[in-house]
Amino acid sequence: MAEKPIWEQIGSGFVQHYYQQFDTDRVKLADLYTDASCLTWEGEGFQGKNAIMTKLSSLPFQTIQHSITAQDHHPTPDSCVMSMVMGQLKADQDQVMGFQQVFLLKNVDNKWVCTNDMFRLALHNFGA
Amino acid sequence: MAEKPMWEQIGSGFVQHYYQQFDTDRVKLSELYTDASCLTWEGEGFQGKSAIMTKLSSLPFQTIQHIITAQDHHPTPDSCVMSMVMGQLKADQDQVMGFQQVFLLKNVDNKWVCTNDMFRLALHNFGA
């Protein structure tokens with residue numbers, strides 16, 4: 001079987017690392033962001049590593065577990081990698097919820113960092 | 001109230017136009033892609049405007065309706081706009097289904113085109 005394209009290796013490697021880190025010790029996610037990174041978390045924007053880490057560290061759960069349903073990865077025209085993730089998560093004893101997340105990854109000084117991150121819980125308007 | 005940032009205007013304008021066109025006459029979506037565009041549709045990849053339009057035109061429904069639950073837009077380091085959409089859709093008389101989609105938009109000759117597009121229905125592994 002042919003080897004996965006490089007962008008898939010980079011994207012899937014990042015995704016695996018990100019959620020593993022998030023679920024065990026999310027303080028260490030700081031390595032993945034820079035001062036130029038942007039996060040939109042449930043519609044709220046955070047600019048730069050410090051603001052992003054303050055938000056992620058302050059999320060109000062003791063335990064969290066992500067389960068990835070699907071992921072897609074693309075190379076972008078400007079040599080970045082864009083990754084879309086669909087999954088489910090369980091925080092503490094709450095019910096399982098669907099989520100979606102998108103990462104834009106850029107190679108900075110030989111390291112793949114996340115310049116753009118968007119996260120949303122899958123909550124729809126079920127009215128009519 | 002302050003005006004929306006430029007990238008939000010570009011992203012939300014694109015999103016509105018895309019789904020309106022998709023739901024009424026999706027053949028016209030070809031204007032939004034170039035020969036360098038990539039689409040991943042439910043995990044299957046399509047490269048370039050022709051392949052993308054062949055896929056979109058051949059989708060097996062008579063009528064389709066998208067409803068946007070949420071959308072987020074970011075400027076990227078390389079002056080692109082990244083847009084993440086969460087919504088629901090109804091094809092023909094099928095049941096309503098959730099979906100997620102991501103677009104990467106680039107300004108080419110003064111026109112915003114979609115260089116990267118990823119679409120997935122929100123279907124999770126409900127086992128255990």
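In this text the structure is predicted, and so the values were computed from the model without any measurement. The sequence lines fix the lettering, A, B, ..., with proteins before strands; numbering per chain opens at 1.
The heavy-atom pair separating B/M86 from A/L123 by the smallest distance is SD-N, 3.9 Å. Here the shortest heavy-atom pairing between A/D117 and B/H74 reads O-CE1, 3.4 Å. When all heavy atoms of B/D72 and A/M118 are compared, the closest pair comes out as O-CE, 3.6 Å.
Residue B/Q47 qualifies as enclosed at atom CD: its count of foreign heavy atoms under 6.0 Å is above 12. The neighbour count for A/Q20 CD, taken as heavy atoms of other residues, nucleotides or ligands under 6.0 Å away, does not exceed 12. Around the CD atom of A/Q9, the shell of radius 6.0 Å holds more than 12 heavy atoms that belong to other residues, nucleotides or ligands. More than 12 heavy-atom neighbours from other residues, nucleotides or ligands sit within 6.0 angstrom of CD on A/Q47.
If you chain together hydrophobic residues whose side chains sit under 4.5 Å apart, A/I68 and A/V81 fall into the same group. Hydrophobic clustering places A/L56 together with A/V15 (ILVMFWY residues linked when any side-chain heavy atoms are closer than 4.5 Å, directly or through intermediates). Clustering ILVMFWY residues whenever any of their side-chain heavy atoms sit less than 4.5 angstrom apart, transitively, puts B/F14 in a cluster other than the one holding A/L104. Hydrophobic clustering keeps B/V113 apart from B/F103 (ILVMFWY residues linked when any side-chain heavy atoms are closer than 4.5 Å, directly or through intermediates).
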For this session: With side chain to side chain contact (heavy atoms under 4.5 Å, CB included) as the test, would you mind laying out the steps for B/M84 and A/M84 before giving the verdict?
Result: CA-CA 9 Å; B/M84 179 175 84; A/M84 179 174 86; over 6 Å; no
Problem set entry | Chi angles and distances behind the side chain to side chain contact (heavy atoms under 4.5 Å, CB included) call for B/R120, A/Q100 | CA-CA 10 Å; B/R120 286 234 180 221; A/Q100 69 184 54; over 6 Å; no
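At a 4.5 Å heavy-atom cutoff, the contact between A/T115 and chain B is made by side-chain atoms alone. For B/V108, no part lies near chain A; criterion is any non-hydrogen pair under 4.5 Å.
B/C80 has its side chain within reach of A/D78: a pair of non-hydrogen atoms, C-beta onward, lies under 4.5 Å apart. The shortest side-chain heavy-atom distance between B/C38 and A/T76 does not fall under the 4.5 Å cut-off.
Of all the listed residues (B/A36, B/G87, B/G45), the one sharing the greatest number of non-hydrogen pairs under 4.5 Å with chain A is B/G87.
Using modelled atom types, one side-chain atom of B/N116 and one backbone atom of A/P75 make a donor-acceptor pair closer than 3.5 Å.
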